[in-house]
Structure formats: structure tokens, C-alpha cells
Amino acid sequence: MNALPPIDPPPQSRPRAPEPLPAFADVVVPRRLANAFTYVIPDRLRGRLYVGSRVRVPLGPTTVQGLIVSLSQTALWSGRRGTRPGRAPAFREISEVLDEGAGQDTDRNLLALAQQVADHYVAPLGQCLRLILPPAPLSRAAKQTPAVSSGASQQDETAWAGPDDPLSMLTERPAWWNGFLEALTRSAHAAFLSTGPAALRLPQLIDAMAAAQARGRTVLVITPDVSRALLILSKARVRWPQESVLLHGGLKAAEYSQAWHRIRAGDARIVIGTRSSVFAPLADLGLIWVEDEQDDLLKEEQAPYYHAREVAWMRARRQSCTLVLGSVSPSVETWQALTPSPPPAAASIAKPPQTSLHPAVRLVVLRCYPAGTLLTDPLVAAIRDTLARRTGVMLFVNRKGFASALLCRDCGTSLSCSACHISLTYYRQTARLLCRVCGSAAPLPDTCPACSSTKLEPIGTGTERLEDHVRRLFPEARIARLERDAASTELRTDAIRRLFAVRELDILIGTKLLFSGSPRPAVGLVGMVYADALLHRPDFRAAERTFHVVAQAIEAASGTEAGAVVIQTSLPTHHAFTALAAHEPSRFYDQELVFREALGYPPYARLIRLSIASPSEAAAQETAERWVDVIRRLQHKQETLRSVSVLGPIPASPPYFRKRHRWHLVVKSEAPDAASLAVRLSMEQMESGRRKSSLKLQIEVDPLDL
């Protein structure tokens, strides 16, 4: 009888052959390149590299830092550019591994976030990797420096400490609080909206931070400007002096590097910063709070043009953490996303506490007064009344300088910038003309450069002209201007704000800088000299921007008894004004969303701006027209792109900037993926075969202005 063949052991008891170590690595370098490069892993680095490892690799004649995005046993080289048929390319080797050791590899979540940002903003992955890569390694001296944050004084950090600390006296919980705690406890993603003045949101923020810390989770707070971040940092350090850290691009290199490595090591568990801090290397995230989420400063001004609020949404979903968006007047997109009807518990609205003071809002119709009237009788009377009470007056006008243009009365020529071809702003106090786009200045001419006429007339009203007018009406008042030109440094800006807060100044005149910064002093009167200025901009967001500015004016007047806001307008029935005058902001959003949906604008469609810049105007225009043709040909080939429409091309505003002529077009679609795909495919065709030239092509997804 033949013996039975031996029985193989069960699979789980078989000795496993060791898996071969990867031999190749795909590396992405932080440059404007869409593809990864394949490198050989040398024997000395086998087993020491992982996805997310930072390495140094040769690229052309130089050596650059890169990030490993995949590892493999083999490399596919068929069809590799520059390789002879049938012959494998000679792959170059990785030079060295950086920051080797446990926990030193780039966080997988951040790596995936960078990929998501690249996909959403149609940007090269290498460009987006810059956002998550660590700064240069710390020097020995920097590592030994005590952990301090620039700009946060010791006095600020302890100013609110003690038994009367308002941050520990929050008596009324917002409507979203229970849902927030539930999501935080379950480590589930949920989004919430916190409305109301900044002074009332701050205690909510501190309590939310405490709830996350009590559950062993980290916290990320994102603000539009450094002054707001410093204020929140000073309050946070009262409770968490060692765990709180400031992170923003304005820090010195050593400070930024030290803060980044403290966050990465887990020593700093509360990060407060500006838009770039959304990529802070925090593990175990429990709370992301975006303060003043409607502020345009949260949008990056350079490629990949990301919006910190949108990236915060991406990260919160990816890391299953709670997201709170705070604003006195939420953006239309946020309102539409977080206030469905009826709102679910996970997206409930925070009602302002009953203790908040609603200022009286008065609409004054400019059509009832002679043309050129700066201050109407009701506003003059309100200023006089407020000066008698010594509660402070703010006057807002959306133009700097004395006049927005200098016009020749004989030939009609407006003096314009030679670099940007737009009207120059006239500053009478310094007798100069300044370009508000490029900043170039020119002396005031005696005659018109076109016809030699001496009849040069200032047109429009700026802060200088308003200041002159107010000084004549109220010679006894102490007056100052607050704007980037008049207050050119942060120290001077802070000094003016402090003098106004302690009533050493009676009247503050300025642009939107009046309503920014922290802390924001309460005033007895805010006068909006010409509230329609923002409405007349050729942009679909004009009404929303006007709404935000008026809401900030009301917020400034909400902290005092008998506070008032006087709005001078020629359009008193506009929904941006009537909704706020009635203290019913939902009326504005309901009407604005109807308009947006009817016209196919965000949040009901995606807009992508494609920009072309060239020293040659003809080349810029020809390239813009060719880009339109490429997109339309793609539409004929792919059914999924039929929903895409193209607006333009037209000259950009300004059409000439930094010695380049600029054209742009806008891709629009109710299907966001279709718009992104059309742009991505068209960009590939525009780039293919194009050698390095003076032409510059840019993609901006979700532009804030057109």
C-alpha cells in the first residue's frame, strides 16, 4: 500500500518567506511638477525608507529634497521619455534619507491631504508638497532656545487670569454645543457654525478647546490675521501655557522651525495660527476652529491658491475631527452648507446670547441730498451726539487718499499708472499720485500730460478728503486715520487703536482696517459714508462683501449702550442693508442664494479662472483664445464635459501688471468634477510641447473675485 503523501501544514503555521525589500521609490519634489520621479534605492538605504520619508535626490544638475510617495520591487520604464526603444533607462540613486528615525516620516494624513489639495485646486502635487514639508533643520543653538512665540507679551498672556476670568464664566451654551460634545466623544466628523460678535465667540472657543484637551485630542485654530491669533494665544496660555504655540509665515525662521518641530514631537497640542497653519503636523486632531471664516485673507494669493477654510473641511473629514466655523456674518457658501431647512443637530446655528446689545441701524438716502455731500445731516447730528457722550466715532470710506483719480477737465484724461494702466490715487497731503495695484508713486504734475491743461480736478472721495471735511466740522475733535498708507507699520496701527480704545482719540477714519485686528474696541457710532462703493464692483460677490462690512460695523457698535450705525446709501432697499437694519441676517442669505442659483454662481457651480500673462499683448490674447478652443474640442470628445461653459477670454483687471499683459477666462460648471477635468486636460495640452517661454499660465479654483 502506497504511503500517503505528506500533508502540507496549514497556511498560518507555514514559515513565511521574508518579503523582498523595495528596490525603487517614486519621489515627488516640491516644485511645479505634476509627476513623480523613479529612483533606485541603494543597498545602504534598503529597509530604511517608507512612504512619507523625506529624501535628497539628484534632479538634473542639482540635488533637491523630495518625498517618497510609493515603493515597489520593479519599475515600469516602457515608454519612458528619453529612452531608446528596448533599452531600460539608467535610474539615478537616492542620495540620502533626511530626519531618519521613529516618527520622522511625513504624516500619511498630511501626505494624503496634499494630494487632495492638488486634485481639488488642479495643481501639481510637487507644488502642494511644499505646504506640508518641514522647515530647514534646527541649528544646535535654536534647539536650546526656550520655547517662546513672537509677538505675545507676558502682559497679554496673563491679562485675563484670575477668578474674574470671563473665559470661565460662559453661562449660556450655544445651540450646537451638545452635538459638538457628542461628535468629539465619538471621534466623528461633524461641522458647526458659531455666529455672533467675536467677543462672544471667544469664550465658546476656549471652552471647545478645553473639551478637546480633556479627551486627549489636539486643537488647531486658524485665523485670518496675526493679531487675532495673538489674542487667542494669550487667552489659551492662561490655561495651557506649555501646550499652546503660535504658527504663521511671519515668524523668524528659527521660531517657525522650533514651533513646527514641537508640534511634530507632540509637545505642543494647541496650535493657533494663520492660513498656512492648516497644514500643521498635529496628530490626534479633535478640533479645528476657523475664526472669521468669511475673511478673504484665508485665501492664499499664490499657487496653488488654496482656501484655508476649504482645506480645513478636507482635513476634518480625513482625520474624523470636529470643525467649527466662526463668523459674525458667515460666507454664503458656509451658510448654504450648514443651514439646511430644517437644520440637523450636527449643523445647528449658534444664537447670540441675550446679553448682546443690538445697535440702532439707520439708513440715510443719499438721493435726498445734493450731489457730492460727504456727511448728511443725520450723520453729522449723530457724530455730535456721540462726541458729547465720549463713546468714540468710526467713519468708514472704502477709498484711501484724497481722491480716487485726478481728471483733466479739458480733455477728460485720467492720470494712470504706466505699469498697470489704471487710474492713480491722488494724495494731497504728500502731493503725489500712487498706484493702488503695484504701489508705484509719481509726483503731482502741474499740467495734464495729454493736453497741457492746468485744470486737473480730483474725482471721488477718499479718507484724506473725509478727514479734511470732518476737521472743519468738528475742530475740537481729536481725529486720526487708520489705513495701510497712514498707519504703515503694525506698531503705529496698534498705537492708534490703543489711543482710540482709551478715548485719547475721538474720531477714527479709515477703510476696512477699522474692523480688523484684535482686540476690537467698542464704539458709540459707526458711520458708513458711502456704503454703495462695494456694491458697484463688477463682481458677483459684491453684495456679500457689502453685507460683511456692514455686519462688522454693527459688531463694532454692539458693545456700548445706545450704540448706533448710520449707513449713507442710494440703495436703501438693497437686501444687504435691509436685512442687517432689521437684525435678520437670514433675509440676506435667502435672497442672495436665490440670485446665485438663478445665475449659476457658487455655491451652485464651480468657477475656475485661467490666467495668461505675457510681455506681448498679442501672445497673451492668442494663447487665451487657443485655450478656449482646446476646452471646446475636449467637450466635443467627452460627454461628461458638456456641462462646462467658458466665459471670455477678456483682458484681466488690471490688464497690464509688472510688465506683462494679462488675459483670463473662466470655466464654469454645476458639476465641479467636470470643470476640474476640463481644466486639467486642457492644461496638459497647453503645456505639452511648450518649451520654456515668457508665457505664464495659471489656474485658480474658486476665485474670490473676477
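Note that these values count all heavy atoms, side chains included, but never hydrogens, waters or copies made by symmetry.
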Under 4.5 Å between any side-chain heavy atoms of Pro304 and Ile699, yes or no? no

Examine distances only and state if a side-chain atom of [X] and a backbone atom of [Y] form a donor-acceptor pair shorter than 3.5 Å.
X      : Y      : answer
Thr569 : Leu571 : yes
Gln568 : Val529 : yes
Asp506 : Ala477 : no
Glu555 : Ala198 : yes
Asp225 : Arg228 : yes
Thr463 : Ile509 : no
Tyr426 : Ala431 : no

Between [X] and [Y], is the ring centroid distance below 6.0 Å?
X      : Y      : result
Phe515 : Phe396 : yes
Phe402 : Tyr427 : no
His575 : Phe595 : yes
Tyr601 : Phe540 : yes

May I ask you to check whether over 12 heavy atoms, not counting those of Arg587, lie within 6.0 Å of atom CZ? yes

Side chains of Asp292 and Ser327: any donor to acceptor distance under 3.5 Å?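 No pair is found: no donor N or O on one side chain lies under 3.5 Å from an acceptor on the other.
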
Quick one: CG on Asp468 to CG on Leu473, what's the gap to the nearest 0.5 Å?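 These two atoms lie 11.0 Å from each other.
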
CG-NZ distance between Leu407 and Lys455, expressed to the nearest 0.5 angstrom: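 Rounded to the nearest 0.5 Å, the CG-NZ separation comes out at 13.0 Å.
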
